Amino acid sequence: MTSSAVQYWLMKSEPDTYSIDDLARDRVTAWTGVRNYQARNFMRDQMRVGDWVFFYHSNSTPPGIAGLARVSSAPYADPTQFEKGGDYAEPRATREKPIWVLVDIAFERKFEKLISLDTLRADAALKEMLVLKKGQRLSVQPVEGVHARHLLARVG
DNA sequence: GCCAACGTTGGC
DNA sequence: GCCAACGTTGGC
């Protein structure tokens, strides 16, 4: 990245596991458990402290964007990859050469009303948003500025 | 719980 | 390098 322009992201979490309310309570959290290379690469190579993050509730009723956070750390090794026998253990990883990398995100706000997936789909201005594409299941994905600004104007 | 879509693994 | 089998994601 040579540009210093603000960037926007969307990060998915199952609220039964970790919700926007959990983030509101914790204020900051390490985004552990990402085990997809493309998602990791966004965090490792492209995120910058201060970038905006749309916090998306997946596998919930209804799914949708629950609030806003910001990237609050440089990338670093996901500690859960070193937890031998744990769900997120990565036997190939060493401290010197970690495989999975994450960032911290900080709570910004919870939307008064969750912007449901149906609502997103119904908004013509968001038609090209990645999260709305069929079969799209990346848990960390970029959001175009035009879409991000539209969403932010919408929630006021 | 179902299942389509997608990513990863591993035999060849 | 191909691709079938398998595992996961995530909406419904």
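Treat the numbers as computed from the prediction; the structure is a model and nothing was measured.
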Original post:
How does protein contact run along nucleotides 2-12 of chain C, one letter per nucleotide 5' to 3', with B for base contact, S for sugar-phosphate only, - for none, heavy atoms under 4.0 Å?
Top reply: -----BBBBBS
Original post:
Which residues satisfy the ring pair (Phe, Tyr, Trp, His ring centres under 6.0 Å) test with A:Tyr76, sequence neighbours excluded?
Top reply: none
**OP:** Return the 5'-most residue of the pair A:Tyr37, A:Lys134 with respect to DNA chain B, ranking by each residue's nearest nucleotide.
**Re:** A:Lys134
Original post:
Of all residues at least two apart in sequence or in a different chain, which pass the ring pair (Phe, Tyr, Trp, His ring centres under 6.0 Å) check with A:Phe111?
Top reply: none
**OP:** Please name all residues satisfying side chain to side chain donor-acceptor pair (under 3.5 Å) with A:Lys12, sequence neighbours left out, ordered by chain then number.
**Re:** none
Subject >> By side chain to side chain contact (heavy atoms under 4.5 Å, CB included) - contacts of A:Ala106 (at least two apart) >> reply: A:Val28, A:Ser72
Original post:
Partners of A:Tyr56 by ring pair (Phe, Tyr, Trp, His ring centres under 6.0 Å), sequence neighbours excluded?
Top reply: none
**OP:** Search all heavy atoms of A:Glu90 against all heavy atoms of A:Ile99 and return the closest pair with its distance.
**Re:** CG-CD1, 3.7 Å
**OP:** Scan residues 83-99 of chain A against DNA chain B and write down, sorted by residue number, each residue with any heavy atom closer than 4.0 Å; if none is found, say none.
**Re:** none
Subject >> Summary of side-chain hydrogen bond (donor to acceptor under 3.5 Å, both in side chains) pairs that have at least one residue in residues 144-153 of chain A, sequence neighbours excluded >> reply: A:Asp123-A:His150
Subject >> Test side chain to side chain contact (heavy atoms under 4.5 Å, CB included) applied to A:Ser13 - qualifying residues, sequence neighbours left out >> reply: A:Tyr18, A:Trp31, A:Phe55
